[in-house]
Amino acid sequence: MNRRVRVRFAPSPTGPLHMGGVRTALYNYLFAKKHGGDFLLRIEDTDQTRFVEGAENYIIESLKWCGIMPNEGQGIGGDFGPYKQSERKDANMYTQYAMQLVESGHAYYAFDTAEELEEMRELAKKAKMPNWQYNSITRGSLKNSISLSEDEVKARLDVGDPFTIRIKMPRNEDVRFHDEIRGWVTVNTNNLDDKVLYKSDGMPTYHLANIVDDHLMEITHVIRGEEWLPSAPLHVLLYRYLGWEETMPLFAHLPLLLKPDGNGKLSKRDGDRLGFPVFPLEWKDPSTGEISSGYKQKGYFKESFINMLAFLGWNPGTPQEIFSLDELVEAFTLERVSKSGAKFDPDKTKWFNQQYLRSKSDLELGSLLKEKIQGDFSLEYLAGVANLMKERASFIDDMLEGDYFFGKPSEYDKDTVNKKWKPETPALISELKERFANVSEWKSEVLESTFKTFLEEKGLGMGAILPNFRLTVTGKGMGPSMFAIAELLGKEETLTRMQEGIDKI
RNA sequence: GGCCCGUUCGUCUAGGGGUUAGGACACAUGGUUUUCAUCCAUGAAACAGGGGUUCGAUUCCCCUACGGGCUACCA
């Protein structure tokens, strides 16, 4: 009974991986690592009509970027393959179980076409019965191996009539199972319908494939989104009918990720509308060419993305909020996952990024900066820029606000010019420039004391001249310490800019 | 409509039969700063409603409301 923990992330390749999906993968990863188990990736592509080119690769690349790669599965390998359901179907891994269910009387052949059923639903709806289901009440009047004679069923099968296999849902039976997050959940089978297990195209549906695969892959815990909660009783029944109840995995249904404003599931639309990514990586839709932004490309660190995601629906119960992946592994438990949906908060996400940015060394930030700019600057210099800019940045790009570190100002901030640049200013800046020219050691502290002495002699306040000094050197009305900027820029560059400022403003 | 799940500051959440209901983000105010940012301090801000049970309920139970999910030969 002490089985090795094995969990899986089982997305279907119908498009880019949504951040909600990443969180599901993350919780699976954390749980597996915490218990020294396996985390596998299985691709659920039983719906061939929804296949999207590149989606599978996108999923793998996303998990890779996040640093939560499975240790087994599609694109990785392992002893339980194949890890893609279409390939498992080709390897004939599902049919026998569908047959087993038919033979044991827990499933049956159904010959009704999708169109016929659609019509049936339409009719029912018009008759004010919006809840038409293929179930114990209706199955008797439909075309299936329960209502039809044995001979007719055989004849239909012999001539190759298309058919599906449906579960024969029992009447009035309570199905009870324990959810690791929600506790006991009970559903009466009268509310469940005869779900299709095997489609007429020869593919199993999710419901069958999922159970067969989880069983064969020796999955111990199914950690998935809340949207699966209603079909969990069906899955429990399937385990029972297949004779696998002994090793049935434990279930944990995660709360949904909700949109920041209003209600409902977080969707791609919300990201577009409110200006934040919903996907880990940028995605280009192969059919429309439309590009959706990704956290990576938007300048988020994977650490902050993961940290933020971990806290949407889980918390450690301590005041600590900044967690490395390893710390998350250590702290994570399903018991501390909350039951209710979590609204995504773009502001908090930004805050997380700021925290991580500030925790990085100047050198590291400098090299990240190097990728963003043109021109040949030494790493040391860029580290210096980072040192001055990091306090005011949430993203690497924010540090580019200090464009004056990479070239002379091309224009001078109009508001500051209007407010601070007085007729007597050029003369004062000129004088200040002379003082600076005579400074023995070009250091921030020396420049500052030189500056203050100058002010005292002139009987001026900081506000009268410092903003103008900043203006000439950076072209801006605000920024980090001017003396530190001047030190980094160097004596010659600073003095040149002061003169140019006097000439141009 | 039916079924299932949920509901603590605007948001993420802690807590739990007796608490000044705690923290974080965001917000506001003050301090530091030439400025902006940072930082520090302070503030405003919540137990959906109604019934029980109880000496006492935000906490336990029931109902209602609200929200969400599911209700396909999609996952």
Select base, sugar-phosphate, or nothing to describe what [X] touches, counting heavy atoms under 4.0 Å on all strands.
| X | answer |
| --- | --- |
| A:Gly461 | nothing |
| A:Arg336 | sugar-phosphate |
| A:Met482 | base |
| A:Met478 | base |
| A:Gly225 | nothing |
| A:Gly479 | base |
| A:Thr416 | nothing |

Please tell me which of the listed nucleotides, B:rU13, B:rC4, B:rU38, lies nearest to the side chain of A:Leu229? B:rC4
Which one, B:rG67, B:rU35, B:rU11, comes nearest to the side chain of A:Asn263? B:rG67
Can you tell whether the side chains of [X] and [Y] come within less than 4.0 Å, N to carboxylate O?
| X | Y | result |
| --- | --- | --- |
| A:Glu116 | A:Lys143 | yes |
| A:Glu303 | A:Lys360 | yes |
| A:Lys259 | A:Asp270 | yes |

Tell which nucleotide pairs with [N], taking only Watson-Crick or G-U wobble pairs whose two distances are both under 3.5 angstrom.
| N | value |
| --- | --- |
| B:rG69 | B:rC3 |
| B:rA24 | B:rU11 |
| B:rA46 | none |
| B:rU53 | none |
| B:rU35 | none |
| B:rA41 | B:rU29 |

To the nearest Å, how far apart are [X] [atom1] and [N] [atom2]?
| X | N | atom1 | atom2 | result |
| --- | --- | --- | --- | --- |
| A:Lys259 | B:rG68 | NZ | P | 9 Å |
| A:Arg470 | B:rU33 | CZ | C1' | 11 Å |
| A:Ile485 | B:rU33 | CD1 | C1' | 14 Å |
| A:Gln320 | B:rU13 | CD | P | 17 Å |
| A:Leu256 | B:rG67 | CG | C1' | 12 Å |
| A:Lys350 | B:rA37 | NZ | P | 12 Å |
| A:Leu258 | B:rC66 | CG | C1' | 14 Å |
| A:Glu226 | B:rU7 | CD | P | 10 Å |

Examine the base of B:rU38 for any acceptor or donor lying under 3.5 Å from a partner atom in the side chain of A:Arg358, and report the outcome as yes or no. no
[atom1] gap between [N] and [M], integer Å:
| N | M | atom1 | result |
| --- | --- | --- | --- |
| B:rC47 | B:rC12 | P | 16 Å |
| B:rU11 | B:rU59 | C1' | 23 Å |
| B:rA48 | B:rG30 | C1' | 36 Å |
| B:rC70 | B:rU13 | C1' | 27 Å |
| B:rC25 | B:rA14 | C1' | 15 Å |
| B:rC61 | B:rU54 | C1' | 12 Å |
| B:rU58 | B:rA46 | C1' | 10 Å |
| B:rG15 | B:rG52 | P | 30 Å |

If each of A:Pro480 and A:Lys343 is mapped to the nucleotide of RNA chain B with the nearest heavy atom, which maps nearer the 5' terminus, i.e. the 5' end? A:Lys343
Partners passing ring pair (Phe, Tyr, Trp, His ring centres under 6.0 Å) against A:Tyr295 (at least two apart in sequence or in another chain): A:Tyr300, A:Phe305
Along nucleotides 22-28 of chain B, 5' to 3', which nucleotides get a B, which get an S, and which get a -, given that the test is a protein heavy-atom distance under 4.0 Å? --BSS--
Produce a footprint string for nucleotides 70-75 of chain B: one letter per nucleotide, 5' end first; B if the base is under 4.0 Å from any protein heavy atom, S if only the sugar-phosphate is, - if neither. SSSBBB
Under 3.5 Å, side-chain donor or acceptor atoms of residues 195-203 of chain A against the rest of the protein: list the pairs with distances, not counting sequence neighbours.
{"residue": "A:Lys195", "atom": "NZ", "partner": "A:Asp193", "partner atom": "OD1", "Å": "2.8"}
{"residue": "A:Lys195", "atom": "NZ", "partner": "A:Asp193", "partner atom": "OD2", "Å": "3.2"}
{"residue": "A:Tyr198", "atom": "OH", "partner": "A:Thr95", "partner atom": "OG1", "Å": "3.0"}
{"residue": "A:Tyr198", "atom": "OH", "partner": "A:Gly202", "partner atom": "O", "Å": "3.2"}
{"residue": "A:Lys199", "atom": "NZ", "partner": "A:Thr46", "partner atom": "O", "Å": "3.0"}
{"residue": "A:Asp201", "atom": "OD1", "partner": "A:Met203", "partner atom": "N", "Å": "2.9"}

Listed by chain and number, what are the salt bridge (charged side-chain N to carboxylate O under 4.0 Å, His left out) partners of [X], not counting sequence neighbours?
| X | value |
| --- | --- |
| A:Glu431 | A:Lys458 |
| A:Asp397 | A:Lys372 |
| A:Asp345 | none |
| A:Glu122 | none |

Ring centroid separation A:Tyr206 to A:Trp228 under 6.0 Å: yes
Scan for ring-ring contact (aromatic ring centres under 6.0 Å, His included) pairs involving residues 107-132 of chain A, sequence neighbours excluded, and state none if there are none. A:Tyr109-A:Phe163
In this structure, which one of A:Thr474, A:Val385, A:Ile485 forms a side chain to side chain contact (heavy atoms under 4.5 Å, CB included) with A:Pro480? A:Ile485
